[in-house]
A.B. asks: 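This is the structure I want to talk about, given as structure tokens.
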There are 2 protein chains.
Amino acid sequence: MPRETKIPLPTLERLATCYRYLTDIESRNVETISSSAIETATGIHAAQFRKDLSYFGVFGRPGIGYDVDDLKRRIAGILKVENEQPVILVGAGNLGSALVGFFGLPQHNFHIVAVFDNNPRKIGQTLWDLQVQDVGRLSETNAQLGARIGIIAGPAVAAQNITDVLVDAGIRVILNFAPTTIRVPDGVGVRNVCFIQELAVLSYYLSKLPEPNVG
Amino acid sequence: MPRETKIPLPTLERLATCYRYLTDIESRNVETISSSAIETATGIHAAQFRKDLSYFGVFGRPGIGYDVDDLKRRIAGILKVENEQPVILVGAGNLGSALVGFFGLPQHNFHIVAVFDNNPRKIGQTLWDLQVQDVGRLSETNAQLGARIGIIAGPAVAAQNITDVLVDAGIRVILNFAPTTIRVPDGVGVRNVCFIQELAVLSYYLSKLPEPNVG
DNA sequence: TAGATTGTTAATCGATTAACAATC
DNA sequence: TAGATTGTTAATCGATTAACAATC
């Protein structure tokens, strides 16, 4: 099998942004869209967007632009988000609860099919339509469910243990909300979301901004 | 005033990661740490980390490494996270509630001092130690509080309105959790966190991973 | 046809990495 | 001193942008 050209990570992130945008405008009756219209709406540079698509041989029509439905389908095909995918979540705290209840997830074909925690006070409780399960039974449960996407919404101290359990249960990619670095074996993908780091970067921005209304 | 060298964004993100890590190990009695130990712990390449620090004239000792306390203080000074900073939050839903209750925020000197919503059923309710206020009074309230950091935890359809209100109220940097692109005037900083986009990128990873146990 | 917008190339820009003299 | 690790330079690498012939 010929190796696919290595796709830059920023390209994938931009395609995800674009896909989210196309989902937004689907309801409106727009048939075609140009790369510069996408730039206006999303901030993604038009030439860059066209280049991003060119990695995958996605084509618009010169002089016209892109068919919205077609473009959306093509990007969905690239990101492999056309079909429902089961997701398991570890950590039934506030954040975990927010994620399970987040209506945007099913809308984008991600379905949280099980929630786990190690806190006996939480195990057995109901979170929306799911019953919180003992994290000790995660592997067993996922043998049935077959999820390959996992979300860590537990505290930093537990994150590495949770990671190990997830990987053991066949999870192949992990979205980590715990503010700590987790180690995974080769062949497992991780993305980290860390509120505090985001705020820290914004704090730097803030310190560099000129003060308004001074003098 | 001589213009400071433009700092690469990835440098700031790495410094934020490093800072979070140094906060973690503060409790353990480690006095010094080398750039390669930081690489092991955080995945940040050692040479890159040293280069990152060099933008700011932060120095370790050849042959020894970095004094942990000193390094932490210096990075805090760069990111301007040494002192408590007030933060206001818009959106008292599940995510907003999770953020207000997130113990990691005060630990890192970010204090959510007010929560707003436009839903009459939520206004007046208590979220942890805060009472949800009418978003219509945000500007008025923030005139007292003086927060310059804002968090958007509302739905995508409301995000642009919320943004405008925040900017109007003197907010200078915004952490946006709504899955949509917001427009801000020049001089206002934004960072977006979008769960769905993270999952979409992971979904791509997943499709590229070799299937284990096949054949 | 004229106008608009594409895909792609080449030029630019910026970030990462390797290497090493300096130094604790 | 010998070993370790720094800060910085130069080389490499990769991503972004501008420009334009092709084409609807």
Side-chain angles (χ1 to χ4, degrees), chain A residues 3-18 21-22 25 30-75 77-78 201 204 208, chain B residues 3-18 21-22 25 30-75 77-78 201 204 208:
Chain A
R3 230 184 179 295
E4 195 179 42
T5 317
K6 175 78 181 155
I7 308 298
L9 179 56
T11 289
L12 298 170
E13 294 173 336
R14 283 189 294 265
L15 289 179
T17 298
C18 178
Y21 171 67
L22 293 175
I25 62 165
V30 190
E31 300 231 320
T32 62
I33 191 166
S34 69
S35 59
S36 70
I38 286 175
E39 172 164 354
T40 305
T42 65
I44 298 166
H45 189 283
Q48 191 160 63
F49 178 70
R50 297 200 300 275
K51 180 145 226 303
D52 287 342
L53 292 181
S54 77
Y55 287 115
F56 303 98
V58 175
F59 300 122
R61 300 168 72 199
I64 309 289
Y66 302 85
D67 179 275
V68 172
D69 280 350
D70 178 59
L71 183 58
K72 201 189 152 200
R73 250 192 308 273
R74 297 294 301 269
I75 298 180
I78 292 165
V201 172
Y204 173 86
K208 295 302 160 197
Chain B
R3 229 182 179 295
E4 195 179 43
T5 317
K6 175 79 180 155
I7 308 298
L9 179 56
T11 290
L12 297 170
E13 293 173 336
R14 284 189 293 265
L15 289 179
T17 299
C18 178
Y21 171 67
L22 293 175
I25 62 165
V30 190
E31 302 230 318
T32 62
I33 190 166
S34 69
S35 58
S36 70
I38 286 174
E39 172 164 355
T40 306
T42 65
I44 298 166
H45 190 284
Q48 191 160 61
F49 178 70
R50 297 200 299 275
K51 180 148 224 307
D52 287 341
L53 293 182
S54 77
Y55 287 115
F56 303 97
V58 174
F59 301 121
R61 301 167 71 200
I64 309 290
Y66 302 85
D67 179 276
V68 172
D69 281 349
D70 178 59
L71 182 59
K72 202 189 150 200
R73 250 191 308 273
R74 296 294 301 269
I75 298 180
I78 292 165
V201 173
Y204 173 86
K208 295 302 159 198

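Convention: sequence-line order gives letters A, B, ...; per-chain numbering from 1.
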A.B. asks: Counting C-beta onward and ignoring hydrogens, is there a side-chain heavy-atom pair between B:K72 and B:D69 closer than 4.5 Å?
C.D. replies: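 No - every pair of side-chain heavy atoms lies 4.5 Å or more apart.
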A.B. asks: Going by number, which of residues 42-51 of chain B have a non-hydrogen atom under 4.0 Å from DNA chain D?
C.D. replies: B:R50, B:K51
A.B. asks: Given that both pair distances must be under 3.5 Å and the pair must be Watson-Crick or G-U, what runs of three or more consecutive pairs involve DNA chain C?
C.D. replies: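 Only these stems qualify: C:3-24 with D:3-24.
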A.B. asks: What pair of heavy atoms forms the shortest contact from A:S35 to A:R50, and how long is it?
C.D. replies: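 Minimum heavy-atom contact is OG-NH1, 3.0 Å.
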A.B. asks: So which one's nearest nucleotide on DNA chain D is more toward 5', A:I64 or A:D52?
C.D. replies: A:D52
A.B. asks: Looking at CG of B:L22 and CG of B:L71, how far apart are the two atoms once the value is rounded to the nearest 0.5 Å?
C.D. replies: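 B:L22 atom CG to B:L71 atom CG measures 5.0 Å (nearest 0.5 Å).
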A.B. asks: If you round to the nearest 0.5 Å, how far is SG of B:C18 from CD1 of B:I44?
C.D. replies: 5.5 Å
A.B. asks: Can you tell if the side chain of A:T42 reaches within under 4.5 Å of the side chain of A:F49, non-hydrogen atoms only?
C.D. replies: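 The answer is no, as the side chains (C-beta and beyond) never meet within the 4.5 Å cut-off.
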A.B. asks: Given side chains that start at C-beta, do those of B:I7 and B:L15 come closer than 4.5 Å, heavy atoms only?
C.D. replies: no
A.B. asks: Rounded to the nearest 0.5 Å, how far apart are CD1 of B:I38 and CD1 of B:I25?
C.D. replies: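 One finds 7.5 Å between CD1 of B:I38 and CD1 of B:I25.
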A.B. asks: What distance separates B:R14 CZ from B:K51 NZ, expressed to the nearest 0.5 Å?
C.D. replies: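 That separation rounds to 10.0 Å.
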A.B. asks: Base, sugar-phosphate alone, or nothing: which one does B:S35 contact when heavy atoms must sit under 4.0 Å apart?
C.D. replies: sugar-phosphate
A.B. asks: Just so I know, are the side chains of B:Y66 and B:L53 near enough to count as touching, which here means a heavy-atom distance under 4.5 Å?
C.D. replies: yes
A.B. asks: Distance under 4.0 Å to a non-hydrogen atom of chain B counts as contact; along DNA chain D, which nucleotides mark the start and end?
C.D. replies: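 Contact span on the strand: D:dA4 to D:dT9.
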A.B. asks: On DNA chain D, compare the nucleotides closest to B:F59 and A:P10; which residue's is nearer the 5' end?
C.D. replies: B:F59
A.B. asks: With a 4.5 Å cut-off on side-chain heavy atoms, are B:Y55 and B:I78 touching?
C.D. replies: no
